[in-house]
Amino acid sequence: MEESVVHAAQAVEGFSFYDLFLRADWVVKAVMGILAFMSVWSWAIAVDKALQFRGLHGKAKSFEREFWSGRSLDALAEQYAKNPKDPFTRVFAAALREWKGANPGGRVAKAANAEAGRQMTESESGLGILATIGSAAPFVGLFGTVWGIMNAFRAIAAEQNTNLAVVAPGIAEALFATALGLLAAIPAVIFFNALSANLGKYGAKLDGFVDELSALADREAK
C-alpha cells in the first residue's frame with residue numbers, strides 16, 4: 001500500500017508544470033517561452049492602457065466642466081492651450097489656432113478633426129499588439145502541440161511500445177503547450193475588446209467636442 005502511494009506521488013511530481021517544461025525538447029521549450037512572454041506582455045499592455053484611459057477620461061471630464069463653466073475663450077486658452085497635455089486640450093489648442101480669419105467654422109472643424117484623429121491614433125497604440133497576441137498565441141501553442149505529439153510518436157517508434165508510460169510525456173507536453181497558448185490568447189482578446197470599447201466611448205466624446213467647437217466658431221462668424 002505504501003509503495004503504491006509512493007509511486008503515485010512520483011507520477012504526479014513527474015507531470016508537474018515545471019517537470020513538463022524541463023522534460024520538453026528545445027523546440028517545445030522555445031514555444032512555451034514565447035507564449036509566457038506573450039502572456040506577460042499582454043497583461044503589461046492592458047494595465048498600462050487601462051490606467052492611461054482612466055486618466056484621459058478624468059482629464060476630459062475636468063476640461064469639459066471648465067469649458068462649459070462660462071469662462072471666456074481667452075481664459076481657457078491661457079489655462080489649457082499654451083501647454084496642452086491630453087487629447088481634449090490639444091484639440092482645443094488646434095482649433096484656437098484657426099479661430100481667427102475668414103470662415104472660422106470650416107477652418108476650426110478641419111483643424112480640430114485632424115488633431116482629434118492624430119490623438120485617437122496615438123491613444124490606440126498597444127491595442128494592435130493585444131489583437132496580434134490574441135490571434136497568434138493559439139497557433140503558436142498549436143505548433144508546440146503538434147511538435148509534442150510528434151515526439152510521442154517518435155518515442156513509440158524508438159521503444160516499439162504503445163504503453164501509456166511511453167507516450168504520456170510527449171502528449172502531456174503537447175497539451176501543456178496548448179494550455180499556454182489559450183492562457184496567452186484569452187486574456188489578450190478580453191483586454192482588446194474591453195479597451196477598444198473604452199476608447200470608442202472616449203472617441204465619441206472627443207468627436208462631440210469637435211462638433212461643439214465647430215458650432216461655436218460658426219456662431220461667432222455670423
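Computed from heavy atoms alone, side chains included, the values below leave out hydrogens, waters and symmetry copies. For clarity, every value in this text was computed on a predicted model and none was experimentally measured.
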Take Ser125 and Lys49 through the test side chain to side chain contact (heavy atoms under 4.5 Å, CB included) and record every step on the way to the result.
CA-CA 9 Å; Ser125 63; Lys49 299 304 289 185; 3.8 Å; yes

Nearest heavy-atom neighbours spanning [X] and [Y]:
X      : Y      : result
Val31  : Val140 : CG1-O, 3.4 Å
Phe53  : Leu195 : CE1-O, 3.5 Å
Ser123 : Leu56  : OG-CD1, 4.0 Å
Ala111 : Ala94  : CB-O, 3.7 Å
Ala188 : Ile133 : CB-CG2, 3.8 Å

Counting only heavy atoms not in Arg54 (residues, nucleotides, ligands), do more than 12 fall under 6.0 Å from its CZ?
no

Please tell me whether Asp211 and Ser214 have a donor and an acceptor in their side chains that are separated by less than 3.5 angstrom.
no

Is there a path of hydrophobic side-chain contacts, each under 4.5 Å between heavy atoms of I, L, V, M, F, W or Y residues, that connects [X] with [Y]?
X      : Y      : result
Leu35  : Ile186 : no
Leu76  : Leu213 : yes
Phe139 : Leu175 : no
Phe192 : Trp43  : yes
Val189 : Leu130 : no

Check: Leu127 and Phe191 side chains under 4.5 Å, non-hydrogen atoms
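With C-beta onward as the side chain, the pair stays apart.
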
Would you mind checking if Glu98 and Lys110 are paired as a salt bridge, meaning a charged N to carboxylate O distance below 4.0 Å?
no

May I ask you to decide whether Glu78 forms a salt bridge with Lys82, counting only side-chain N to carboxylate O separations under 4.0 Å?
yes

For the [atom1] atom of [X] and the [atom2] atom of [Y], what is their distance to the nearest 0.5 Å?
X      : Y      : atom1 : atom2 : answer
Asn113 : Asp207 : CG    : CG    : 7.0 Å
Thr145 : Ile149 : OG1   : CD1   : 6.5 Å
Leu180 : Met38  : CG    : CE    : 11.5 Å
Trp68  : Phe209 : CH2   : CZ    : 8.0 Å
Asp86  : His57  : CG    : NE2   : 12.0 Å
Glu115 : Gln119 : CD    : CD    : 4.5 Å

Counting distance only, does the side-chain N/O of Ser62 pair as donor-acceptor with the main-chain N or O of Lys59 below 3.5 Å?
no

Run the side chain to side chain contact (heavy atoms under 4.5 Å, CB included) check on Lys205 and Phe88 step by step: do they pass?
CA-CA 9 Å; Lys205 289 173 62 177; Phe88 270 76; 4.1 Å; yes

Can the ring centres of Phe63 and Phe92 be said to be less than 6.0 Å apart?
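Yes; Phe92 has its ring centre under 6.0 Å from that of Phe63.
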
Please report the C-alpha distance between Val210 and Val91 in whole Å, then the side-chain angles of each, then the deciding distance to 0.1 Å, and finally whether the side chain to side chain contact (heavy atoms under 4.5 Å, CB included) criterion is met.
CA-CA 8 Å; Val210 169; Val91 167; 3.9 Å; yes

